[in-house]
S.K.: 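Below: one structure in structure tokens.
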Amino acid sequence: MNKKAKPLREKVFIVGMLALPIAHFLVFWLYVNFNSILMAFQRNGFDGQPYWTLFWFSQLKSELFMKGSTLLTALKNTLIYFGCNVLVILPISLLLCYFLYKRIRGYKVFRVIFYLPSIISASIMVVLFKYIIAIDGPLGILITKVFHGEYPQLLADSRYAMKTIVFYVISFGLGGNIVLLSGAMGHIDESIIEAGKIDGVNMFTEITRIVVPLVWPTLSTLLLFAFVGLFGSSGPILLFTQGEWNTTTISYWIYERVYFGQTYNYPAAIGLVFTVIGAPITLTLRHFMNKKEVDV
């Protein structure tokens, strides 16, 4: 009797544990995404009833080719953040991790400095950064009072706002990558490095021919994550400028339209278009990265 009841209890336990994540997947992923696809092809008529149309895609095409449009600015800023992540933050993180791995003088102190921004809440970091660069903050006082220079409002001027946020993203966006890449480099066999030294390899060769191939699984994962969020790349726009001064991105533009404008069809169409564009790029990159990983 007990032997028969035990498998039944195990099955009930397994079903109970899986019920919540399955329900979450069906409701908050499958239903939401399927419904957003339908809304992308719908528009409310004069009677308030939705009808099928390609109007939103036509409007998207018009806005993307309209000079000075907000959506075009959002797309440009999104690609800037993506480029900063792939071309600036990731290479700098790799180099910093390499020097930490080589245990340069004071490497423990530098490790804490680089880790700290990833531990502290992003909202707190933004508040501190805004205080430092404000006109009445330390930087503003230093330039205006000490050097008697002209100090602009960096977050309230379209000439400087985007550049300021990009600087913040690059300066404080290294922590997560450094944590992962440092862990990967920490598992490199020292005998491989010693063999390279015996063969007379220099620092550049050691990084490109030994370290990068050995940490490639972690590095390729970070690259893949970056391409998965290609059109979702964004800085802390909400905390800095709320999308003003030409700082909006695709993700924030969609958030603003949905949250404040209570419009769903046009953002759904935009999300669908950029998903259709981004998905093949990500899958192609994943295919080549998997082949490279096999070679390693």
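Worth knowing before you read on, the calculation uses all heavy atoms, side chains too, and leaves out hydrogens, waters and symmetry mates.
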S.K.: Ignoring hydrogens, what is the shortest heavy-atom contact between S251 and S234? Give both atom names and the distance.
M.R.: OG-CB, 3.3 Å
S.K.: Within the structure provided, determine whether Y168 and P236 are in side-chain contact (heavy-atom separation under 4.5 Å).
M.R.: yes
S.K.: Is the number of heavy atoms from other residues, nucleotides or ligands under 6.0 Å of W56 CH2 greater than 12?
M.R.: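 Counting neighbours around CH2 of W56, more than 12 heavy atoms of other residues, nucleotides or ligands fall under 6.0 Å, so yes.
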S.K.: With a sphere of 6.0 Å drawn around CD of E194, does it hold more than 12 non-hydrogen atoms of other residues, nucleotides or ligands?
M.R.: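 Yes, enclosed.
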S.K.: Strictly distance-based, threshold 3.5 Å: is any side-chain N or O of Q242 a donor or acceptor partner for the main-chain N or O of L238?
M.R.: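 Flag set: sc Q242 to bb L238 pair under 3.5 Å.
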S.K.: Are any of the side-chain heavy atoms of Y160 and F167 separated by less than 4.5 Å?
M.R.: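 Counting from C-beta outward, Y160 and F167 never come under 4.5 Å.
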S.K.: Going from CG on L60 to CZ on F55, what distance comes out if it is rounded to the nearest 0.5 angstrom?
M.R.: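 So the CG of L60 and the CZ of F55 are separated by 11.5 Å.
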S.K.: More than 12 foreign heavy atoms under 6.0 Å from OH of Y131: is that the case here?
M.R.: no
S.K.: Around atom CD of Q153, are there more than 12 heavy atoms from other residues, nucleotides or ligands closer than 6.0 Å?
M.R.: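 Not buried by this count: 12 neighbours or fewer within 6.0 Å.
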S.K.: Quick one, V273 with K61, criterion side chain to side chain contact (heavy atoms under 4.5 Å, CB included). Give me CA distance, side-chain angles, the key distance, then yes/no.
M.R.: CA-CA 10 Å; V273 168; K61 180 181 177 181; over 6 Å; no
S.K.: Is there a side-chain contact between Y51 and R43, using heavy atoms and a 4.5 Å cut-off?
M.R.: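 When only atoms from C-beta onward are counted, R43 and Y51 do touch, with a gap below 4.5 Å.
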S.K.: Between N177 (side chain only) and L94 (backbone N and O only), is there a donor and an acceptor less than 3.5 Å apart?
M.R.: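 The answer is no, because no donor-acceptor pair under 3.5 Å joins these two groups.
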S.K.: Does the pair L230 and T282 meet the rule for a side chain to side chain contact (heavy atoms under 4.5 Å, CB included), with working shown?
M.R.: CA-CA 9 Å; L230 171 59; T282 304; 5.8 Å; no
S.K.: Using a 3.5 Å distance criterion without hydrogens, assess whether the side chain of S69 forms a donor-acceptor pair with backbone atoms of E63.
M.R.: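 Side chain of S69 to backbone of E63, a donor-acceptor pair under 3.5 Å: yes, one is there.
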S.K.: Report the C-alpha separation of W253 and Y266 in whole Å, then their side-chain angles, then the decisive distance to 0.1 Å, and conclude whether the ring pair (Phe, Tyr, Trp, His ring centres under 6.0 Å) test is met.
M.R.: CA-CA 11 Å; W253 187 93; Y266 193 26; 5.5 Å; yes
S.K.: N33 vs S36, test: side-chain hydrogen bond (donor to acceptor under 3.5 Å, both in side chains). Steps then yes/no.
M.R.: CA-CA 5 Å; N33 283 279; S36 66; 4.7 Å; no
S.K.: Taking side chain as C-beta onward, heavy atoms only, is I135 less than 4.5 Å from T144?
M.R.: no
S.K.: Tell me if the NZ atom of K102 is crowded by more than 12 foreign heavy atoms within 6.0 Å.
M.R.: yes
S.K.: Would you check if W52 and Q42 make a side-chain contact, meaning some heavy-atom pair closer than 4.5 Å?
M.R.: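 Side-chain contact under 4.5 Å: yes.
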S.K.: Does atom CZ of F260 have more than 12 heavy-atom neighbours from other groups under 6.0 Å away?
M.R.: yes
S.K.: Please give me the minimum heavy-atom distance between R286 and L224, naming the atom from each residue.
M.R.: CB-CD1, 3.8 Å
S.K.: Report the distance from atom OG1 of T78 to atom CG of L71, rounding to the nearest 0.5 Å.
M.R.: 9.0 Å
S.K.: Relative to the ring of Y259, is the ring of Y255 parallel (under 30°), tilted (30 to 60°) or perpendicular (over 60°)?
M.R.: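 Y255 vs Y259 ring planes: parallel.
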S.K.: Measuring from atom CD1 of I22 to atom CE of M17, what distance do you get when rounded to the nearest 0.5 angstrom?
M.R.: 11.5 Å
S.K.: Where the side chain of D199 meets the backbone of V201, is there a donor-acceptor pair that is under 3.5 Å apart?
M.R.: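 No, because the side chain of D199 does not come within donor-acceptor range (under 3.5 Å) of the backbone of V201.
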S.K.: Identify the two heavy atoms, one from K130 and one from L239, that lie closest to each other, and give their separation to 0.1 Å.
M.R.: NZ-O, 3.2 Å
S.K.: I178 versus L100: any side-chain heavy-atom pair under 4.5 Å?
M.R.: yes
S.K.: For the residue pair L87 and F82, establish whether any side-chain heavy-atom pair is separated by less than 4.5 Å.
M.R.: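 Of all side-chain heavy-atom pairs linking F82 with L87, none is under 4.5 Å.
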S.K.: Please assess F57 against F41 for the test ring pair (Phe, Tyr, Trp, His ring centres under 6.0 Å), listing each intermediate value before the final yes or no.
M.R.: CA-CA 8 Å; F57 299 98; F41 296 94; 5.0 Å; yes
S.K.: Report the distance from atom CG of L155 to atom CD1 of I133, rounding to the nearest 0.5 Å.
M.R.: 4.0 Å
S.K.: Any idea how Y101 and Y98 line up, ring-wise: parallel (<30°), tilted (30 to 60°), or perpendicular (>60°)?
M.R.: tilted
S.K.: Indicate the atoms forming the closest heavy-atom contact of T247 with N77, along with that distance.
M.R.: C-ND2, 3.5 Å
S.K.: Enter the distance from L75:CG to I80:CD1 here, rounded to the nearest 0.5 Å.
M.R.: 10.0 Å
S.K.: Let's go through T221 and L180 carefully: what are the C-alpha distance in whole Å and the side-chain angles of both, what is the deciding distance for side chain to side chain contact (heavy atoms under 4.5 Å, CB included) to 0.1 Å, and is it a yes or a no?
M.R.: CA-CA 10 Å; T221 301; L180 296 174; over 6 Å; no
S.K.: Once you round to the nearest 0.5 Å, how far does OG1 of T218 lie from CG of L223?
M.R.: 11.0 Å
S.K.: With side chain to side chain contact (heavy atoms under 4.5 Å, CB included) as the test, would you mind laying out the steps for V169 and I89 before giving the verdict?
M.R.: CA-CA 9 Å; V169 170; I89 294 177; 4.0 Å; yes
S.K.: May I ask you to test the L95-I207 pair for a side-chain heavy-atom distance under 4.5 Å?
M.R.: yes
